[in-house]
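Remarks on the structure that follows.
When reading the values below, keep in mind they use all heavy atoms of this one structure, side chains included, and skip hydrogens, waters and symmetry mates. In what follows, every chain begins at residue 1, and chains take the letters A, B, ... in the order their sequences are listed.
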Amino acid sequence: MEKPQLPSGTRDFSPQMMLRRKYILSIMENVFKLHGFGAIETPALENLKTLQGKYGDEGDQLLFKVLNSGDFLSKANDTFLTEKNSKSLTPQIADRGLRYDLTVPLARFVVMNRDKISFPFKRYQLQPVWRADRPQKGRYREFWQCDIDVVGANSVVSEAELVEMYQEVFAKLDLGISIRINHRGILDAFLPVLGSIENWNAFMVIIDKADKIGEDGVANELENRGLSHSIDAWKWLCSTQKLGNYNQIMDALNQYAPIQNESLKKGMNEISAVFDFVGNTSNLQLDLTLARGLSYYTGCVFEVAVNDNRMPEDYKIGSIGGGGRYDNLTGIFGLKDVSGVGVSFGLDRIYDNLEAANLFPTTLSDASTLLICALDESSLGYAIDISRNLRSNGIANEVYPGAAKLKKQLDYANAKGFAYAAIIGSTEKEENKVSLKNMISGDQELVNVSDILNKISNE
RNA sequence: GCGGUCUUAGCUCAGUUGGUUAGAGUGCUAGUUUGUGGUGCUGGAAGUCGCCGGUUCGAGCCCGGUAGGCCGCCCCA
C-alpha cells in the first residue's frame, strides 16, 4: 500500500487552521479596501522568461520550473543530453515556472493591461507563491504573500500610506511589530567609499548579517573579503545604530564627509518626508544597515519584524513583511518611467507568530448553532423540514446524517461545538415539537417548532 | 546547494548491553436498562518499528544508501 505523503515544504490546512488563516486574511483585506486598493489575481504559472533575471542568481535557482507537455525531450539538444548538462538543457525542456513572488507578475500585469488601468494603480493580491528553498521553521516551499502596491506614482505619500497600513493590520491582529526603513539612495551614497559596484554588492551582503554575527564579525568578514578600506564606514554605520532616534541619525548622515553626494540627498529627503507623513512613528526605525536582497529596489526599503513581549523567548523566525520602491520593473516589459512601491505581508509567518504567542481569538468558530438529531429513520423527514425552515431564517444548522444512537450524535455535537441540539423522536414528531437541549448547560425542554428561533436567539 | 539531527498504532511518545507473540496515553469502535453528551466501567480493532540493502543463528536496536520532518549555513515571507 502506498503511504500518503506531501511534497517537502507543503502543508494541508485543516478547518481550524483555515479559520485562523481567513481571520488574518480578512483583517488585511479590510484594511486594504479602506485604503482604496482593489484585488487582482494572476496565474500560478508564468513563463520562465517573465520570472528569470528579476531576483538575482540566488532567486533564479529557487524557481520551480515546470516541464513542457508532450514529448519535451525531442526538441532538446543532443549534446546537452549526453553531457547531462542540466543548466543548458533546462531552457529547452521547461518554458514555464511557478511564480516566485507577486511583484513581478504585477509588473507584467500592469504592462499588459496599461490601456485598461488608470494610474496610480492600487492593487492588492492574496495568493500563494513557490520557492524551491530548503524548508525550515517559518520557511515553506509554498506560502502566501499578501501584497499591496501603488504603481504609477512616485510620491512618498505612498510609502507613508504603506507604513500606516502595516501599523493598522498588526494593530488589529494585536501583534507588536517594528518596521525598519532605509533608502537605496543612502546605501548607494557609499559607492565612492567602496570603489566599485562589485565591492558595494559584497559590502551589502556582509552588513546584512550584522544582527547574526555582530559588529566585529562583520568587520572580520570585510577584512577577509579584501574590503578592509570599508571598515571605517562600517564602524560609522554601527555608531549610527546606537543613536536613539531618527533625527540624530539624520544629523550624523549630514556630517559624515565620505558620502556627501546627490544620492544621499535624495534618499534623506524621501526618508524625512516619510517620517513627516506617518502619523505615529513610534515603531518605525531608520536602519542604515537594512539592505534587502531583491535586486529591483531603487528607493525606500522596508522590513517588518515581530516585536512583542508575549512571544516565547526562543521563538525566532525571520521577517514577516517587507518591500520597497522599484522604479524600473515595468521597464523590463517595455513600459518605461512607471514607478511602483509595494510591501508584502507573509501570511504563514504571521500565522506562526500568532500561534506561538497564543494570540488568536478564542471565539473563532465555524460551528453551526444547532444540530438536529433524529432518533429513528421515520423522523428524518421531519428533521429535514425543520432544518430547511431554520436555515431560511438564517440559523446555521445541520441534520445528523442518519438515525444513529443518540450518544453518538451528542458526541458529534460536542466535538464540533454546537450550542444546541434538537432531539426528535416519535413523540416530538407527533406533537410538532422538538426537545431543545442547551449543550453547555445541559438543560432541555420540549418546545414548539415555531419557538425554536426565539429560544436560540434569546439566549 | 552544504552540514547536523530525528522518523515505532490516526495523534503524542516508551522500548534497557541486538534475543520469544513490540507497549502506554489519547483518539476510534462496541457494550454497559428502553431516547441523553462533555467526567464512570468492561471489551475490541489498529503497527511489514519511514523505505531499500547489508552484518548476524537472530535487527525496532549495529552498518550503508534513500525519502521526509526539525535545526544551523545560504537566502528570504
Side-chain angles (χ1 to χ4, degrees), chain A residues 1-11 14 24 28 55-63 86-87 99-103 126-147 166 177 204-206 208-209 212-213 291-295 301-306 314 316-323 342-353 371 373-376 379 400 403-429 434-446:
Chain A
M1 191 179 63
E2 187 187 340
K3 277 204 171 181
Q5 214 171 27
L6 282 169
S8 174
T10 67
R11 297 151 301 153
S14 66
I24 300 170
M28 290 195 293
Y55 309 107
D57 290 342
E58 298 277 357
D60 278 359
Q61 284 173 13
L62 298 180
L63 286 173
S86 308
K87 204 171 178 182
R99 63 166 169 253
Y100 177 91
D101 71 358
L102 302 177
T103 305
L126 317 170
Q127 286 195 283
V129 302
W130 293 267
R131 296 184 187 178
D133 210 345
R134 186 65 156 260
Q136 273 176 43
K137 182 170 65 175
R139 184 177 189 174
Y140 308 101
R141 284 183 158 176
E142 178 185 67
F143 61 97
W144 277 55
Q145 290 196 330
C146 311
D147 273 32
Y166 266 139
I177 53 150
M204 291 305 151
V205 169
I206 296 169
D208 207 33
K209 301 178 189 170
K212 274 180 189 161
I213 59 179
R292 288 190 60 79
L294 291 179
S295 45
V301 289
F302 309 96
E303 202 158 292
V304 180
V306 174
D314 56 340
K316 284 213 165 56
I317 53 181
S319 60
I320 56 171
V343 297
S344 182
F345 294 75
L347 172 65
D348 306 82
R349 287 186 175 176
I350 293 169
Y351 181 104
D352 289 348
N353 277 285
L371 179 69
C373 309
L375 293 169
D376 46 74
S379 304
Y400 189 91
K405 287 196 168 172
L406 188 53
K407 174 177 162 58
K408 192 169 178 169
Q409 299 197 41
L410 292 176
D411 278 342
Y412 173 76
N414 281 326
K416 210 174 160 185
F418 284 91
Y420 295 90
I423 299 160
I424 292 168
S426 49
T427 325
E428 286 85 354
K429 188 182 166 188
V434 304
S435 292
L436 188 64
K437 184 182 187 70
N438 182 319
M439 292 303 288
I440 295 151
S441 65
D443 298 339
Q444 183 175 327
E445 60 179 319
L446 198 62

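- Taking 4.5 Å as the limit, every side-chain heavy atom of Glu445(A) sits out of range of all side-chain heavy atoms of Asn438(A).
- Taking side-chain N and O atoms only, Ser319(A) has no distance below 4.0 Å to OP1 or OP2 of C76(B).
- The base of U36(B) has none of its N or O atoms less than 3.5 Å from a complementary donor or acceptor on the side chain of Lys407(A).
- Note on Gln444(A): a base of the nucleic acid sits closer than 4.0 angstrom, heavy atoms only.
- Between the side chain of Tyr166(A) and the backbone N or O of Gly322(A), at least one donor-acceptor pair lies under 3.5 Å.
- Checked against A77(B), U36(B), G37(B), the side chain of Phe143(A) finds its nearest nucleotide in A77(B).
- Remark: U26(B) base-pairs with G10(B). Criterion, Watson-Crick or G-U wobble with two distances under 3.5 Å.
- Comparing A77(B), C75(B), G37(B) by their nearest atom to the side chain of Val205(A) picks out C75(B).
- An OP1 or OP2 oxygen of A30(B) is reached within less than 4.0 angstrom by no side-chain nitrogen or oxygen of Lys405(A).
- Taking a centre distance below 5.5 Å and an interplanar angle below 30 degrees as the stacking criterion, Trp144(A) does not stack against the six-membered base ring of A77(B).
- For the C1' atom pair drawn from G64(B) and C70(B), the interatomic distance equals 23 Å after rounding to whole Å.
- Between A77(B), G35(B), C70(B), one nucleotide has an atom nearer to the side chain of Ser426(A) than all others, and that is G35(B).
- Pair check for G19(B) finds C57(B); Watson-Crick or G-U wobble, both atom distances under 3.5 Å.
- Glu428(A) comes within 4.0 angstrom of a base, heavy atoms only.
- Of the P atoms belonging to G1(B) and A59(B), the separation is 35 Å, rounded to the nearest Å.
- Nearest to the side chain of Tyr140(A), among G38(B), A77(B), G35(B), sits A77(B).
- Distance from the side chain of Arg134(A) is smallest for G1(B) among the nucleotides G1(B), G69(B), U36(B).
- Residue Gln136(A) has a polar side-chain atom (N or O) positioned under 4.0 Å from OP1 or OP2 of G72(B).
- For Ser435(A), whose side chain is taken as the heavy atoms from C-beta onward, the closest listed nucleotide among C71(B), C73(B), G35(B) is G35(B).
- Of the nucleotides present, C73(B) is the one that pairs with G1(B) by Watson-Crick or G-U wobble criteria, both distances under 3.5 Å.
- Pairing for U39(B) is absent, with no Watson-Crick or G-U wobble pair whose two atom distances lie under 3.5 Å.
- Among the heavy atoms of the strands lying under 4.0 Å from Leu406(A) is at least one base atom, whether or not backbone atoms are also near.
- Listed candidates were C73(B), A30(B), G37(B). Nearest to the side chain of Lys408(A) is A30(B).
- Among the atoms of the strands shown, none is found under 4.0 Å from any heavy atom of Gly417(A).
- Nucleic acid contact for Gly442(A): base, since at least one base atom lies under 4.0 Å from a heavy atom of the residue.
- Not a single donor-acceptor pair, N or O on each side, falls under 3.5 Å between the base of C76(B) and the side chain of Arg131(A).
- Heavy atoms of Asp376(A) sit nowhere under 4.0 angstrom from any nucleic acid atom.
- Going from the P atom of G69(B) to that of U32(B) covers 46 Å, rounded to whole Å.
- Set against A77(B), G37(B), C75(B), the side chain of Leu62(A) has C75(B) as its closest nucleotide.
- Across Asp133(A), Asp348(A), Asp352(A), a single residue satisfies salt bridge (charged side-chain N to carboxylate O under 4.0 Å, His left out) together with Arg139(A), and that is Asp133(A).
- Across all strands, Leu347(A) comes closer than 4.0 Å to no nucleic acid atom at all (heavy-atom distances).
- Using a 4.0 Å heavy-atom cutoff across all strands shown, Asp411(A) reaches sugar-phosphate atoms only and no base atom.
- Among the atoms of the strands shown, base atoms are found under 4.0 Å from some heavy atom of Ile440(A).
- Comparing the C1' positions of G44(B) and A9(B) gives a spacing of 14 Å, expressed to the nearest Å.
- Of the candidates G35(B), A77(B), G38(B), the closest approach to any side-chain atom of Thr427(A) belongs to G35(B).
- Across the P atoms, U17(B) and C61(B) are found 15 Å apart, a figure rounded to whole Å.
- When each of A77(B), G38(B), U36(B) is scored by its nearest atom to the side-chain atoms of Arg349(A), the top-ranked nucleotide is A77(B).
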